[in-house]
Every structure is written in C-alpha cells, then in structure tokens.
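The block underneath contains the structure these notes are about, expressed in structure tokens.
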Amino acid sequence: MARIVMKFGGTSVADMDRIRNVARHVKREVDAGHEVAVVVSAMSGKTNELVSWTRDASPMHDAREYDSVVASGEQVTSGLLAIALQHLGINARSWQGWQIPIRTDNAHGAARILEINGDEIVRRMGEGQVAVVAGFQGLGPDNRISTLGRGGSDTSAVAIAAAVKADRCDIYTDVDGVYTTDPRIEPKARRLKKIAFEEMLEMASLGAKVLQVRSVELAMVFKVRTFVRSSFEDPDAPGMGDLLNPPGTLICDEEEIVEQEVVTGIAYAKDEAQISLRRLADRPGVSAAIFGPLAENHINVDMIVQNISEDGSKTDMTFTVPSGDVEKALRVLSEHKERIGFDVIQSESGLVKVSVIGIGMRSHAGVAASAFRALAEKGINIKAITTSEIKISILIDGAYAELAVRTLHSCYGLDKS
Ligand code: ADP
Ligand code: ASP
Ligand code: MG
C-alpha cells in the first residue's frame with residue numbers, strides 16, 4: 001500500500017467525459033489498495049474566462065475579489081470529480097482550499113503556501129476516503145480565498161503530497177511527460193525518462209509551462225517523488241499502475257540520472273519586451289535610480305545589458321520586462337527622468353527569450369558558442385544574452401521563435417534518440 005497524490009490539469013478535466021476518464025485513473029489506484037488524494041484544475045479555458053470577466057468588471061480591480069472569482073473554476077471540477085467517483089462506487093469527498101485549510105500569505109493573485117494541515121485528509125484516507133482537492137486556491141491571513149498564480153494547481157498538488165507525506169505525486173497532463181522542448185513546437189522533441197530538479201526549475205522558470213516553478217521548488221525541498229504523465233492514456237493499459245516505475249518523467253536529484261547529457265532541453269518565453277535608455281550619465285547610482293523605481297512598482301526586470309561608454313561620461317542601458325508591463329515601465333521611467341538622467345527612451349515588444357538548459361554545461365566549454373553559430377546560420381539576430389552555470393538565454397525577435405527553438409534543439413542533437 002502506498003499513499004499517492006494525483007493531480008489533473010485543465011485539459012484532463014475539460015468536460016464530463018474527461019472527468020469520467022480521470023475517475024477511472026483514480027479508481028485504478030484505489031482498487032490497487034493505495035491511499036489517494038486528488039488535486040484538480042479548472043476546466044481548460046475556464047480560468048482565462050474568469051480572469052477576463054474580472055478585467056471587464058474593472059481594469060483596476062481588487063485582488064481579493066479577483067481571487068474569489070478565479071478560484072471558482074476549481075470548485076466546480078472538484079465537486080464534479082467527487083460525484084463521478086461516487087458514481088463508480090468510490091468513497092470520495094471534495095475539499096476547497098479554505099476547508100483544509102491551505103494557509104497562504106497575503107499576496108492575492110500570486111500567493112505562496114505557508115502551511116497545510118493534512119491531518120483530516122490523512123485520517124479520512126485511512127478510512128478509505130478519497131479527498132478531491134480544488135487546486136490553485138488557499139486561505140489568506142485575512143481569511144479570504146487566495147490563489148497561487150497561473151498554473152498553481154501543480155503547486156497545490158506537490159504541497160499536499162508533502163503535507164500528507166505521500167510516496168508519490170503524479171502530475172497528469174495532456175503530454176506524457178517532460179520533453180526536450182515543447183512538443184507542440186518541435187514534433188521531434190523526445191520525452192525524458194528523468195530530469196534533475198535544477199534543470200526542471202530552469203525549464204519552468206524560462207517558460208516551459210508543464211510545471212509551475214514553485215511546484216518544482218517544493219518537490220526539491222520536501223523530496224516529493226514527482227512524475228509528469230498523461231491522463232489521455234487508457235487508465236487500465238499495462239504498466240499504468242506500476243508503483244515504482246510508472247510511465248512518464250520523474251523529477252529527481254541529479255545523482256539519480258546515470259547518463260547526463262550536456263544539454264537537456266530548450267525552453268522559450270514569449271511576450272518579452274526590451275527597453276533602452278540612451279546616453280545615460282555613466283556614474284555610480286545610475287542603475288539604482290533606474291531599477292529601484294521599477295521594483296517599487298512590481299515590474300520584473302529580467303535581462304540587463306549595459307554598454308561601456310565611449311568617452312567615460314555617457315552610456316546606454318538595455319533591459320527586458322514582460323510585454324504587459326512596458327507601458328507601466330515607460331511611465332515610471334519618464335516620471336524619474338530627471339534623477340536617472342537619460343536622453344532618449346526606446347522600447348520594442350513582441351520579443352522571445354529562448355533558453356538552452358543542462359547541468360552538463362557546468363563541465364563543458366563551447367555550449368554557448370554552438371548556439372550562437374547555429375542561430376547565425378539561420379540569420380537570426382541576437383538582441384541580448386544572459387548565462388548562468390546551467391543555462392544560456394538568448395533574446396530574439398518573436399517572429400523567429402519557432403525556428404530558433406528547432407534550430408537549437410537539433411544543434412545539440414536533442415532530436416536524436
Ligand atoms: P495542465 O493544464 O495539465 O496543467 P499545461 O498546459 O499547464 O497543462 O502544461 C502542459 C503543456 O506544457 C503541454 O501541453 C506542452 O505544450 C507544454 N510544454 C512546454 N514545454 C514542455 C516540455 N518541455 N515538455 C512537455 N510539455 C511542455
Ligand atoms: N486553473 C488555474 C490556471 O489556469 C490553475 C491551474 O490550472 O494550475 O492557471
Ligand atoms: Mg498547468
């Protein structure tokens with residue numbers, strides 16, 4: 001007997017037929033004698049619809065009310081799955097975030113989980129009841145519903161798995177694992193049997209939305225054995241109930257990976273924008289004068305490039321922000337123009353950040369050079385570059401996103417098995 005948390009994403013619960021199929025996956029594990037808790041997302045497209053309604057109600061809406069609206073999608077699917085399970089003769093009960101409770105901080109719209117009391121769920125699992133938990137939602141310190149940011153049901157699932165000390169957390173989605181790159185962009189992408197936590201963290205934070213970044217952090221910290229696998233396969237196909245080696249991708253410590261490649265995957269993030277400040281005074285404090293006000297206004301700055309000045313007095317500074325924040329950033333910078341002291345401000349939206357990720361880069365030289373050469377051969381111009389020990393990120397024009405992903409994917413031989 002094992003204790004398993006099963007999470008089903010939006011496409012897996014998109015309609016009643018899919019929810020019935022999910023119930024069969026759950027039944028398989030219950031019939032095998034395991035204790036099971038389930039976490040569900042809203043039906044696919046639902047959260048987007050709810051978000052757009054809050055914007056329609058008022059572009060400058062209250063984040064607490066945003067949360068009470070957008071959390072509702074998961075309330076529906078948790079109840080429907082509990083009913084579908086009961087219909088199959090399984091003892092099941094739905095749970096909203098506040099009923100457990102899943103305690104979060106006060107950052108409505110992007111809250112972080114602080115504490116989960118798993119006692120009641122554990123007690124009921126012991127009595128053979130399946131808990132069907134609404135993902136994405138929690139309870140803030142103000143006793144109001146909070147939500148965990150887009151894709152947050154992954155984080156709900158891993159956090160609950162940690163709280164109930166589950167043997168495994170299975171993230172069921174519309175692909176059968178984590179691939180070398182988004183299989184929707186590159187059909188030659190290969191499924192990885194295992195990926196290291198650090199690599200998955202980079203993949204997720206650099207745009208691969210298959211897992212929310214925070215869920216990977218929690219899995220790493222609390223050592224939750226997490227698999228990404230498909231809900232679309234026949235729930236009763238051979239091997240689906242394999243306890244130690246289920247189909248899919250295991251997120252694990254790098255020591256568990258025997259054959260480590262230099263590059264593991266390629267990720268991309270759309271909707272990046274670049275802002276350049278021209279002819280800035282080249283003196284101490286100028287960066288603080290630029291990035292301080294942006295941070296105070298909650299604008300996330302990513303890549304930063306500063307040119308050397310020709311005569312030691314003036315320089316240029318270029319950096320990226322999410323496209324949705326450009327207008328706000330330009331306004332904030334213009335308000336501080338005098339203190340910063342720049343001549344001209346320029347911006348360009350519709351850019352894409354393509355990233356090459358792999359732990360093997362730590363010990364291999366020339367990985368970046370190969371990327372630059374491959375992109376140059378395709379005539380793709382590079383606008384900015386950042387690197388860390390295990391990743392290289394390259395900013396390019398959005399029109400070349402798919403070509404760049406495919407070019408880098410084949411440049412490192414990722415399409416060859
Ligand atoms: P869910 O609704 O189940 O949470 P998501 O849409 O959030 O599913 O995440 C799954 C999607 O992530 C896939 O359909 C795929 O297009 C995308 N994706 C991006 N990068 C990768 C990758 N490297 N491996 C697998 N899927 C990826
Ligand atoms: N339904 C939420 C979203 O679309 C949470 C999730 O699916 O993980 O972002
Ligand atoms: Mg998701």
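In listed order, ligands and their atoms are each counted from 1.
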Check: Which residue pairs pass the ring-ring contact (aromatic ring centres under 6.0 Å, His included) test when at least one of the two sits in residues 35-68, sequence neighbours left out?
Finding: H61-Y66
Notebook entry, point to check: How are the rings of F8 and Y172 set to each other: parallel, tilted or perpendicular (split at 30° and 60°)?
Noted result: parallel
Note to self: Is it the case that atom CZ in R112 sees more than 12 heavy atoms from other parts of the structure closer than 6.0 Å?
What the structure shows: no
Next item on the list: For residues Q346 and T318, determine if any side-chain heavy atom of one lies less than 4.5 Å from a side-chain heavy atom of the other.
Entry: no
Check: Taking distance alone, with no angle check, do G10 and ligand 1 share an N/O pair under 3.5 Å?
Finding: yes
Next item on the list: Around atom 24 (N) of ligand 1, find the nearest protein heavy atom and jot down its residue, atom name and distance.
Entry: Y179 N, 2.9 Å
Check: Going by heavy atoms in the side chains, are V354 and I396 under 4.5 Å from each other?
Finding: yes
Notebook entry, point to check: Taking non-hydrogen atoms only, is E186 closer than 4.0 angstrom to ligand 1 via side chain, backbone, both or neither?
Noted result: neither
Checklist line | Polar proximity ligand 1 side, S12 side, N/O cut 3.5 Å exclusive | finding: no
Margin query: If I apply the N/O under 3.5 Å rule, does T173 come out as touching ligand 1?
Written below: yes
Check: Is R124 salt-bridged to E127, cutoff N-O under 4.0 Å?
Finding: no
Item checked: Test item, S44 contacting ligand 1 (heavy atom, 4.0 angstrom) -> no
Note to self: How far is atom 7 (O) of ligand 1 from the closest protein heavy atom, and which atom is that?
What the structure shows: K209 O, 3.4 Å
Item checked: Distance-only donor-acceptor check, side chains E186 and T181, under 3.5 Å -> no
Note to self: Please list the nearest protein heavy atom to atom 25 (C) of ligand 1 with its residue and the distance rounded to 0.1 Å.
What the structure shows: G177 O, 3.4 Å
Item checked: Part of I171 with heavy atoms under 4.0 Å of ligand 1, whether side chain, backbone, both or neither -> neither
Margin query: Suppose we measure from atom 27 (C) of ligand 1 to each protein heavy atom; which comes out shortest, and what is that distance?
Written below: V210 CB, 3.8 Å
Next item on the list: Find all atoms of ligand 1 within a distance of less than 4.0 Å from any non-hydrogen atom belonging to K7, and give their numbers and elements.
Entry: 4 (O)
Notebook entry, point to check: CG/L395 to CD/E272 distance, rounded to the nearest 0.5 angstrom?
Noted result: 6.5 Å
Check: When you measure from atom 15 (C) of ligand 1 to every protein heavy atom, which one gives the shortest distance, and what is it?
Finding: D182 OD1, 3.4 Å
Item checked: Sub-4.0 Å heavy-atom environment of ligand 2, residues by chain -> S41, A42, T47, E74, F136, R150, G151, G152, S153
Item checked: Residues D302, K353: salt bridge by 4.0 Å N-O rule -> yes
Margin query: Tell me whether D154 has any N or O atom under 3.5 angstrom from an N or O of ligand 1.
Written below: no
Margin query: Within the 4.0 Å heavy-atom shell around M203, which atoms of ligand 1 are there?
Written below: 23 (N)
Next item on the list: Indicate yes or no: does an N/O atom of D174 lie under 3.5 Å from an N/O atom of ligand 1?
Entry: yes
Note to self: Once you restrict to heavy atoms under 4.0 Å, what part of A267 touches ligand 1? Side chain, backbone, both or neither.
What the structure shows: neither
Check: How does R184 reach ligand 1, if at all, at less than 4.0 Å between non-hydrogen atoms: by side chain, backbone, both, or neither?
Finding: side chain
Check: So does R278 pair up with D316, basic N to acidic O under 4.0 Å?
Finding: yes
Next item on the list: Take atom CZ of R362 as the centre, draw a 6.0 Å sphere, and report whether it contains more than 12 heavy atoms from other residues, nucleotides or ligands.
Entry: yes
Check: Pick from V133, L80, T77: which one makes a side-chain contact (heavy atoms from CB on, under 4.5 Å) with V40?
Finding: T77
Note to self: Assess whether a salt bridge exists between R373 and E377, defined as any Lys/Arg side-chain N lying under 4.0 Å from an Asp/Glu carboxylate O.
What the structure shows: no
Checklist line | Side-chain ion pair, K209 and D154, N-O less than 4.0 Å | finding: no
